[in-house]
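Heavy atoms only: backbone and side chains are in, while hydrogens, waters and symmetry mates are out.
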Amino acid sequence: MYDFDRETDRHGTWSVQWDGIADRFGVPDLLPFTISDMDFASPPEVLTALRERVDHGVFGYTDWRLGEFREAIRHWYASRYGAEIDPGTLVYAPSVLSQLSQLLQMWTEPGDGVVVHTPTYDGFRKAVTGLGRELRGVPVGDPAALERELARPDSRMLLLCSPHNPTGRVWTEEELAAFAELAERYGAAVVSDEIHADLTTEGHRHVPWTRIAEPGRGRRWALITSGTKAFNFPALSGSYGIVGDPDEREAFIRRMETGEGLASPAVLSLTAHIAAYRRGAAWLDELRGYVAGTMDMVRKRLAEGVPEVDWTPPQAGYLAWIDLRPLGIEESRLQEELVAVEKVAIMPGGVYGTPGFVRLNVGCPRSKAERGVDALVRAARRLRRD
């Protein structure tokens, strides 16, 4: 029904991924597989709603609490996750990271520890360390290390990425419950970034933090997310969250509306979210199937070209997190080969605190993804340890 094979030229659109490539890699005109946005047009249902709103022609001050925005979110969680959301618990912010910044300032002090899983999304690192907090990483799948870090007296927050970026791990309900129990035991706030939740693959189920945060279990918790990732409209901005405690919720809203001056959100963001959550499910499901097919192509080409790399597609998302350490290639040498010889830009694992990996964005037409993985295989074969 939807054409995900069609290539769209994004050059000259102020795209970070395409037009900003030289800023990160020092060379222009590389084929990019970098920042986490997709090369697909947003759903036709979203585009139609945006055109209708633009045609109205008046863009005065707006209020996210009026109209259909909160009810569309409630509908999405009920239909997608079987989760009941009280629209009165919602908050709004320009982005997920802006929500995180406010919550860090509300619930931690400079010098406090913020516990995250490693590898770690680089936006978390920038937000946490930029505010003078200490990022404390624990490996994905190491509950003993998680407890050890949360038990430190000045660890004030557990910052989750659920599903996890960059590994694509979907946390089970049992894992999330264990996280909640540890956070409660050691008095840490919990912030769960769930922006990748709508991109889970077949056979995996995302569990919203609202189902884990039982009444009375930890006063300070928040779920922060947005439809911008799954439906590919991050440039429209806009995110929302759920803050469990009423007093903390009001404090958050007050900070956004007074300290940050957010009295009027971007109306096109509200429009896009409503359309996506009301009419975008079919597009999203077809997208998920298409990305799964692309991931399987990546798996096959890696297995054929560099069989030492035993790679399994992620449980969520369009980011292929690939462990190249069995090849014994120095990360800087691989990046030089990819950029200078193959003319592609692929994110090195060191950006996320784990050298030896790469993060390959395959949220794109399969023909482009094929060029990217083939370039990676060629470079790896030339450099791998004999």
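In this structure, K368 forms a cation-pi arrangement with F33, its terminal cationic atom sitting closer than 6.0 Å to the ring centre and no more than 45° off the ring axis. Judged by the 6.0 Å and 45° rule, R366 forms a cation-pi pair with Y290.
Ring pair Y81/H206: centre-to-centre distance below 6.0 Å. Ring centers of Y352 and W321: under 6.0 Å apart, within the cut-off.
The two residues S98 and A93 come nearest to each other via the heavy atoms OG-CB, 3.5 Å. Here the closest non-hydrogen pair linking I21 and D29 is CG2-N, 3.8 Å. Closest of all the heavy-atom pairs between G363 and F40 is C-CE1, 3.7 Å. Looking at every heavy atom in both residues, W14 comes nearest to D19 through N-OD2, 2.9 Å. For the residue pair S155 and V115, the shortest heavy atom distance occurs at OG-CG2, 3.9 Å. Closest approach of R133 to L131, counting heavy atoms only: NH1-O, 2.6 Å.
Salt bridge E134/R136: present, at least one basic N to carboxylate O contact under 4.0 Å. One finds a salt bridge joining R152 and E149 here, because a Lys/Arg side-chain nitrogen approaches an Asp/Glu carboxylate oxygen to under 4.0 Å. A salt bridge links R205 to E173: one of the charged nitrogens lies within less than 4.0 Å of a carboxylate oxygen. Using a 4.0 Å cut-off between a side-chain N of Lys or Arg and a carboxylate O of Asp or Glu, E304 and R301 do not qualify as a salt bridge.
Using modelled atom types, no side-chain atom of D122 and backbone atom of F124 make a donor-acceptor pair closer than 3.5 Å. Although no hydrogens or angles enter the test, the distance criterion places no donor-acceptor pair under 3.5 Å between the side chain of R219 and the main chain of D245.
Legend: residues meeting side-chain hydrogen bond (donor to acceptor under 3.5 Å, both in side chains) with N232, ordered by chain and number and at least two apart, are absent. Residues satisfying the salt bridge (charged side-chain N to carboxylate O under 4.0 Å, His left out) test with K343, not counting sequence neighbours, are none.
The environment of D374 atom CG is dense: over 12 non-hydrogen atoms of other residues, nucleotides or ligands sit within 6.0 angstrom. Few gaps surround CD on E331; more than 12 heavy atoms of other groups in view lie less than 6.0 Å from it. The 12-atom threshold is not exceeded at CZ of R333, counting heavy atoms of other residues, nucleotides or ligands nearer than 6.0 Å. Under a cut-off of 6.0 angstrom, the local environment of CG in D323 is crowded, with over 12 non-hydrogen atoms contributed by other residues, nucleotides or ligands.
Cluster membership check: L100 does not share its hydrophobic cluster with I35, using side-chain heavy-atom separations under 4.5 Å among Ile, Leu, Val, Met, Phe, Trp and Tyr.
W171 and H117 have tilted rings, their planes meeting at an angle from 30° to 60° on a 0 to 90° scale.
For the 3.5 Å distance criterion, the side chains of E248 and W107 qualify, holding a donor opposite an acceptor.
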